[in-house]
Amino acid sequence: MYESEFEQSVFDLRREKLRQIEALGHPAYPNSFAPENLKVLTLAAIRGEYDAFTGEALEKDRVNVAAAGRIMAIRAQGKAGFAVLQQNGERLQIYARMDAVGENAFQLYKLLDMGDHIGVSGYLFRTRTGELTIHVDTLTFLSKAMLPLPEKYHGLADVELRYRQRYVDLFMNADVREVFVKRAAILRAMRKFFDARGFLEVETPMMQPIAGGAAAKPFTTHHNALDIDLYLRIAPELYLKRLVVGGMDRVYEINRNFRNEGISTQHNPEFTMLEFYQAYANYKDLMDLTEELIQFVAMEVNGTTKTTFNDVEIDLSQWQRFTMREAIIKFWPTEAEPRPMLTDFESVESLLGWIDRTLEGNLEVRAGFVPKILGEPLIHLKSSSSYSPLYVALNFARNSLELEQAPLGKAIAEVFEAVAEPQLIQPTIIYDFPLAVSPLSKQKPDEPDWVERFEFYIGGFELGNAFSELNDPVEQRNRFLQQLGERERGDAEAHAMDEDYVRALSFGLPPTGGEGIGIDRLTMVLTGSRSIRDVILFPLMRPQAKQSDADAISE
RNA sequence: GAGCGCGUAGCUCAGGUGGUAGAGCAACGCACUUUUAAUGCGUGGGUCCUGGGUUCGAGUCCCAGCGCGCUCACCA
């Protein structure tokens with residue numbers, strides 16, 4: 001049954017112990033723990049109630065309690081013994097002595113192992129060292145740990161084992177449990193926030209015939225009875241806006257999206273997103289709402305707007321706002337002058353002019369920043385890690401502009417991501433995005449090449465994306481057609497045509513603001529977790545073949 | 001997808017320059033009726049990730065593969 005001899009022998013020994021426990025008259029797997037005349041309390045409730053009581057007070061008026069938990073430490077001492085029970089993240093010590101529990105129960109006690117579940121009843125007292133402890137009268141066996149627990153001092157430290165065997169990680173490492181308690185609190189706070197503002201929580205399809213609403217590669221699945229391929233959704237966006245057309249003026253959805261792309265400390269193939277839509281609002285309204293929301297959630301969850309991420313203190317009550325073009329100028333590194341000016345972003349020619357001045361000015365001067373590789377094809381640049389991201393981005397922008405592979409807006413967005421994004425540690429809203437990278441957003445009235453869209457950043461990565469929704473069906477159809485063009489040119493992430501969505505818009509979508517917020521990433525920020533896998537209970541791992549399977553495969 | 005690092009007992013980790021594998025916890029046995037990383041005495045436990053190669057000899061060196069982590073790319 002087990003690959004290791006050690007685990008198999010422990011398992012066999014524990015089965016023998018279970019047999020002995022049954023021989024003493026205790027069921028090996030009882031159906032419940034329900035002592036007579038005594039309500040079973042949680043360990044948290046007992047601690048909450050009696051942690052403040054002195055030993056004298058507990059001696060004067062005896063408090064009888066019943067509780068259950070997993071044995072996390074056990075210290076036998078002749079005809080008595082201590083054990084520490086753990087339940088729901090709370091711990092409490094128990095003390096069992098033969099003259100109190102009787103011969104039979106003490107025999108049972110001696111058959112207990114770390115990891116077993118037991119129930120006890122008895123009275124509370126304080127030991128010589130002052131620790132609150134249950135003096136056990138009756139001992140009930142509940143369930144056996146058939147495998148040995150990890151080391152009791154260091155716990156389970158191997159990162160891979162922690163993700164693969166989260167069930168062990170959770171009861172061994174208290175802080176892991178805390179992260180997921182907070183994650184639940186974050187979801188609760190978000191629902192509270194939106195419910196209080198008249199938003200309706202809805203659920204839209206996760207299996208979609210057209211995977212729309214974002215630029216990403218979808219997972220494909222198949223429905224047998226209908227014999228059709230379906231996609232796991234990459235975003236709920238287009239369905240939620242259909243609901244706004246239908247008169248649900250304020251809706252939100254919190255659930256999973258699936259994107260068939262790379263895995264990193266910031267990306268899991270399935271991730272949780274909050275998306276919400278508010279009729280008669282625009283992106284400026286959502287900026288205010290976003291700042292309010294993040295602060296509210298932080299206060300509800302942590303009781304403070306301060307949080308520490310990557311050893312940097314972040315204040316979620318202090319927000320900055322820049323346009324994308326302003327951000328490039330502001331965050332342009334001084335060692336890489338000339339810094340661009342707003343006019344440089346006006347046309348392909350002006351941008352190319354600035355890029356050339358910048359690359360020439362830096363050539364050979366600052367080796368760490370700009371290596372001498374101007375002539376190289378960009379395919380090598382993109383996948384190489386030996387050049388500065390800034391340099392790679394500038395070259396990519398320049399080459400794609402010269403070869404007319406990308407519009408001006410796409411090049412500017414490229415430069416922005418390389419220059420500014422890593423520096424956006426404190427809460428920052430970046431607004432006014434290029435039309436070219438925003439197929440679903442509404443144009444700015446005075447600058448038709450730019451749209452009313454913003455993203456917000458905390459800790460150096462993007463947490464949310466919002467815009468004034470494009471509600472002109474004719475324009476939307478044109479944008480889809482443009483995306484189809486990019487699809488034909490090989491962009492697998494370009495948007496597909498969604499005729500029914502255009503039809504929905506044709507019935508009239510009111511001016512609407514919509515936003516998506518990555519819950520996993522927000523949880524990272526609020527819990528100080530560096531990896532997204534630390535805030536997802538079961539992150540996707542490559543399945544591990546057993547040795548016997550591996551042999552079979554290789555044959 | 002690329003680069004770097006890691007993989008030794010159930011767990012946490014040691015194992016200069018190649019010489020047949022070790023500690024603590026856990027497990028098993030004994031002692032111990034207020035301990036708390038309990039203590040004392042004793043015992044067992046390993047395909048050193050997998051497969052090749054070099055060598056008289058490989059945990060150690062070389063090659064390939066697998067898994068994980070980090071960085072980068074894609075992306076949220």
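So that the names make sense, note that chain A is the first sequence line, chain B the second, and so on, each numbered from 1.
Here A:R533 lies in heavy-atom contact (under 4.0 Å) with sugar-phosphate atoms only. Note on A:F461: nothing from the nucleic acid sits closer than 4.0 angstrom, heavy atoms only. Using a 4.0 Å heavy-atom cutoff across all strands shown, A:N260 reaches no nucleic acid atom at all. A:L147 comes within 4.0 angstrom of nothing in the nucleic acid, heavy atoms only. Residue contacts for A:T265: at a heavy-atom cut-off of 4.0 Å it reaches the sugar-phosphate backbone alone, with no base atom in range. Using a 4.0 Å heavy-atom cutoff across all strands shown, A:G518 reaches no nucleic acid atom at all. In this structure, A:D113 reaches the sugar-phosphate backbone alone: every heavy-atom distance under 4.0 Å involves primed, P, OP1 or OP2 atoms, never a base. Residue A:M273 is out of contact with every strand shown, counting any heavy-atom pair closer than 4.0 Å.
For the residue pair A:Q20 / A:E16, a side-chain donor-acceptor distance below 3.5 Å is found, with atom types taken as modelled. Between A:N268 and A:R533, the side chains place no donor N or O within less than 3.5 Å of an acceptor N or O (distance only, hydrogens not considered). For the residue pair A:E455 and A:Y457, a side-chain donor N or O sits within less than 3.5 Å of a side-chain acceptor on the partner. A:D169 and A:Q165 form no side-chain donor-acceptor contact under 3.5 Å, judged by distance and modelled atom types alone. Using modelled atom types and a 3.5 Å distance limit, the side chains of A:S529 and A:R183 yield no donor-acceptor pair.
The CZ atom of A:F180 lies 4.0 Å from the CZ atom of A:R166; values are rounded to the nearest 0.5 Å. Annotation: the span from A:I46 atom CD1 to A:L85 atom CG amounts to 9.0 Å, rounded to 0.5 Å. Rounding to the nearest 0.5 angstrom, the gap separating the CZ atom in A:R530 from the OG1 atom in A:T265 is 10.5 Å.
The nearest whole Å value for the distance from the CD atom in A:E237 to the C1' atom in B:rA76 is 13 Å. Rounded to an integer number of Å, the gap from CD of A:Q165 to P of B:rG67 is 18 Å. One can place CZ of A:R453 at 11 Å from C1' of B:rA76, the figure rounded to the nearest angstrom. Nucleotide B:rC49 holds its C1' atom 15 Å from the CZ atom of A:R542, rounded to whole Å. At whole-Å resolution of the value, CG in A:N255 and P in B:rA76 are 19 Å apart. In this structure, A:Y163 places its OH atom 6 Å from P of B:rG69, rounding to the nearest Å. Between the CD atom of A:E59 and the C1' atom of B:rU34 there is a distance of 13 Å, rounded to whole Å. Straight-line distance from the CZ atom of A:R14 to the P atom of B:rA26: 12 Å, rounded to whole Å.
Base pairing analysis places B:rG5 opposite B:rC68; the two distances defining the Watson-Crick or G-U wobble pair are each below 3.5 Å. Across all strands shown, nothing is found opposite B:rU34 as a Watson-Crick or G-U wobble partner with both distances under 3.5 Å. Using N1 to N3 plus N6-O4 or O6-N4 for Watson-Crick, or N1-O2 and O6-N3 for G-U wobble, each under 3.5 Å, B:rG51 pairs with B:rC63. Nucleotide B:rA27 forms a pair with B:rU43, judged by Watson-Crick or G-U wobble geometry with both contacts under 3.5 Å. Shown here, B:rA21 forms no base pair; nothing in the strands shown gives a Watson-Crick or G-U wobble contact with both key distances under 3.5 Å.
A salt bridge links A:K241 to A:E237: one of the charged nitrogens lies within less than 4.0 Å of a carboxylate oxygen.
For the C1' atom pair drawn from B:rA9 and B:rG46, the interatomic distance equals 5 Å after rounding to whole Å. Only the C1' atoms considered, B:rG44 is 7 Å distant from B:rC28, to the nearest whole Å. Rounded to the nearest Å, the gap between the C1' atom of B:rC63 and that of B:rA76 is 40 Å. Rounded to the nearest Å, the gap between the P atom of B:rG51 and that of B:rU8 is 15 Å. Between the P atoms of B:rC6 and B:rA14, the separation comes to 12 Å (whole Å). As rounded to the nearest Å, B:rU60 and B:rG7 have C1' atoms that lie 14 Å from one another. If you take atom C1' in B:rU54 and the same atom in B:rG15, they sit 23 Å apart, rounded to whole Å. Spacing between B:rG29 and B:rG65 at atom P, rounded to whole Å, works out to 48 Å.
Judged purely by atom type and a 3.5 angstrom limit, A:T307 has no side-chain atom pairing as donor or acceptor with the backbone of A:I314.
The ring pair (Phe, Tyr, Trp, His ring centres under 6.0 Å) test applied to A:Y123 returns A:H135, not counting sequence neighbours. Remark: A:F322 pairs with A:Q320, A:E326, A:A327, A:K330, A:F331, A:T428, A:I430 by the side-chain contact (heavy atoms from CB on, under 4.5 Å) rule, at least two apart or across chains.
The one candidate from A:D113, A:L112, A:L149 that meets the side-chain contact (heavy atoms from CB on, under 4.5 Å) condition with A:I71 is A:L112. Exactly one residue among A:N257, A:I519, A:V535 makes a side-chain contact (heavy atoms from CB on, under 4.5 Å) with A:F271. That residue is A:N257.
Residue whose closest nucleotide on RNA chain B sits further toward the 5' end, between A:E421 and A:S531: A:S531.
The stretch residues 70-85 of chain A participates, sequence neighbours left out, in no salt bridge (Lys or Arg N to Asp or Glu O under 4.0 Å) pair at all.
Non-hydrogen atoms lying under 4.0 Å from RNA chain B are contributed by A:R75, A:A76, A:Q77, A:G78, A:K79, A:A80, A:F82, all within residues 75-85 of chain A. For the segment residues 86-105 of chain A, the set of residues with a heavy atom within less than 4.0 Å of an atom of RNA chain B comprises A:Q93, A:Y95, A:R97, A:D99, in numerical order.
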- request: Spell out protein contact along nucleotides 7-12 of chain B as letters: B when the base is contacted, S when just the sugar-phosphate is, - when no protein heavy atom is under 4.0 Å; keep the 5' to 3' order.
  value: ---BBS
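Side chain of A:T127, nearest nucleotide from B:rC28, B:rG67, B:rU34: B:rU34.
The aromatic ring of A:F271 is stacked on the base of B:rA76, with the two ring centres less than 5.5 Å apart and the planes inclined by under 30°.
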